[in-house]
Number of protein chains: 2
Amino acid sequence: MNLTTMVGLLAATGTTTAFIPQVLQIIKTQNTKGISLVMYIIFTIGIVFWLSYGILLGDIPIIIANSITLILAITILFLKIKNG
Amino acid sequence: MNLTTMVGLLAATGTTTAFIPQVLQIIKTQNTKGISLVMYIIFTIGIVFWLSYGILLGDIPIIIANSITLILAITILFLKIKNG
């Protein structure tokens, strides 16, 4: 694996796994007041486009990374709407 | 411009601009309790890797999108640390 691919994998891992502590914190505290509903609506739509982009390119890493991020973003969006 | 490029641009626009309403909400309410510090630490590191990936590839859209996201993510991280 070359340096560029390694940096890309670290990038995808970072921006995908970052949402896990946010999901866990909401489940633990049920506090979503500071979280922007508009952010997660736009972000989720953006991730759907990234996933479509990956499917159009047939790029497996883009598809996998964005499928995981989509699940996490939808979870945060759902918890935000549920907690008001 | 072909469909794939258009979908990619919509994706990058969505996941970048999504952080603007979050920044504005924090400035307005100063409420960051629900926001995960760990999320924004990992996310910011991930974006630094995406930026490095864009520089290594010489890919201008990746560089531009992630430079903007980096500024927004660092702003949220700064406001989270400032507000405790």
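Because the structure is predicted, anything quoted here is derived from the model rather than measured. Just so it is clear: chains get the letters A, B, ... in the order the sequence lines come, proteins before strands, and each one is counted from 1.
Summarising the local packing, CZ of A/Phe19 is surrounded by more than 12 heavy atoms from other residues, nucleotides or ligands at distances under 6.0 Å.
Annotation for A/Leu37 and B/Gln25: closest pair N-OE1, 4.4 Å, computed over non-hydrogen atoms. Here the shortest heavy-atom pairing between A/Ile42 and B/Pro21 reads CD1-CG, 4.2 Å. Of all heavy-atom pairs between A/Val7 and B/Tyr53, the closest is CG1-N, 3.7 Å. When every heavy atom of A/Phe49 is checked against every heavy atom of B/Leu10, the shortest pair comes out as CE2-CD1, 3.6 Å.
Cluster membership check: A/Ile64 does not share its hydrophobic cluster with A/Leu9, using side-chain heavy-atom separations under 4.5 Å among Ile, Leu, Val, Met, Phe, Trp and Tyr. Follow the hydrophobic side-chain contacts under 4.5 Å out from A/Ile71 and you never reach A/Ile47; the two are in separate clusters. Residues B/Leu72 and B/Val38 do not share a hydrophobic cluster, defined by chaining ILVMFWY side chains whose heavy atoms lie under 4.5 Å apart. B/Ile20 and B/Ile74 fall within the same hydrophobic cluster, defined by Ile, Leu, Val, Met, Phe, Trp and Tyr side-chain heavy atoms under 4.5 Å apart, directly or through other members. One hydrophobic cluster, built from ILVMFWY side chains closer than 4.5 Å, holds both A/Ile81 and A/Val23.
With a threshold of 4.5 angstrom between heavy atoms, A/Ala73 does not approach chain B through any atom at all. With a 4.5 Å cut-off on non-hydrogen atoms, B/Ser52 touches chain A through its backbone and its side chain both.
Among B/Ala18, B/Gly14, B/Gly54, B/Gly46, the residue making the largest number of heavy-atom pairs under 4.5 Å with chain A is B/Ala18. Chain A forms the most heavy-atom pairs under 4.5 Å with one residue out of B/Ile26, B/Asn83, B/Ile35, B/Ile62, and that residue is B/Ile35.
Expressed to the nearest 0.5 Å, how far CG of A/Asn2 lies from CG of B/Leu56 amounts to 9.0 Å. Atom CD1 of B/Ile45 and atom OG1 of A/Thr17 lie 9.5 Å apart (nearest 0.5 Å). Remark: B/Thr4 OG1 to A/Ile55 CD1 distance equals 11.5 Å, nearest 0.5 Å. To the nearest 0.5 angstrom, A/Met39 atom CE is 6.0 Å from B/Ile76 atom CD1.
Judged purely by atom type and a 3.5 angstrom limit, B/Gln22 uses its side chain to pair as donor or acceptor with the backbone of A/Gly34.
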